K.L.:
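Got a structure for you, written out below as structure tokens; questions coming shortly.
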Amino acid sequence: MPLTLAQVKTYLRVGDDNDDDEIQASLDAAVIYLKGKTAKTKRVDGAAETPIEDDALFQIALKQMIAHWYENRDIVTIGTVMASTPHTTDMI
């Protein structure tokens, strides 16, 4: 796993354990989604190869996507159309 639950909670500024299952599910889903969208397994920089999960841009995109889902979860519950992901996440 590229990020731990604790790292994501720190990014989200969540101090309690109430939403751990939801945050972990979002982390798992975001990894699957982004891997599918990028269709990459490695980042190649010259002769060096890095697993995509360890790539800094991949991890930032994960954090932003999870934050977006977490901050907009009530919209989904109410049934309103969810806002699209932030432009920065799309660009990464």
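All figures in this text were calculated on a predicted structure; none of them were measured in a lab. The analysis underlying the following values was restricted to heavy atoms, covering all of them including side chains, and did not include hydrogens, waters or symmetry mates.
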K.L.:
Looking at every heavy atom in both F58 and V31, which two are closest together, and how far apart are they?
P.N.:
CZ-O, 4.2 Å
K.L.:
Return the set of residues passing side chain to side chain contact (heavy atoms under 4.5 Å, CB included) with D21 (not counting sequence neighbours), or none when no residue passes.
P.N.:
none
K.L.:
Is a donor on one side and an acceptor on the other found under 3.5 Å between the side chain of Q7 and the backbone of T4?
P.N.:
yes
K.L.:
Within the 4.5 Å heavy-atom criterion, are Y70 and D19 side-chain neighbours or not?
P.N.:
yes
K.L.:
If I take atom CG from residue L34 and atom CD1 from residue I66, how far apart are they, to the nearest 0.5 angstrom?
P.N.:
8.5 Å
K.L.:
Quick one: closest heavy-atom pair of M65 and A30, and the distance?
P.N.:
SD-CB, 4.1 Å
K.L.:
Between atom NZ of K42 and atom CD1 of I52, what is the distance when rounded to the nearest 0.5 Å?
P.N.:
11.5 Å
K.L.:
Looking at residues at least two apart in the chain, or sitting in another chain, which of them share a side chain to side chain contact (heavy atoms under 4.5 Å, CB included) with K63?
P.N.:
L3, Y11
K.L.:
Quick one: do D17 and K9 make a salt bridge, cutoff under 4.0 Å?
P.N.:
yes
K.L.:
Can you confirm whether D16 sits close enough to V14 that some side-chain heavy atom of one is under 4.5 Å from a side-chain heavy atom of the other?
P.N.:
yes
K.L.:
Would you compute the distance between atom CG of D20 and atom CG of L27 and round it to the nearest 0.5 angstrom?
P.N.:
11.5 Å
K.L.:
Which atoms form the tightest heavy-atom contact between E53 and Q59, and what is the distance?
P.N.:
O-NE2, 3.0 Å
K.L.:
Just how far is it from atom CG of L5 to atom OG1 of T10, taken to the nearest 0.5 Å?
P.N.:
9.0 Å
K.L.:
Restricting to non-hydrogen atoms, name the atom on K35 and the atom on T38 that form the minimum distance, rounded to 0.1 Å.
P.N.:
O-OG1, 3.4 Å
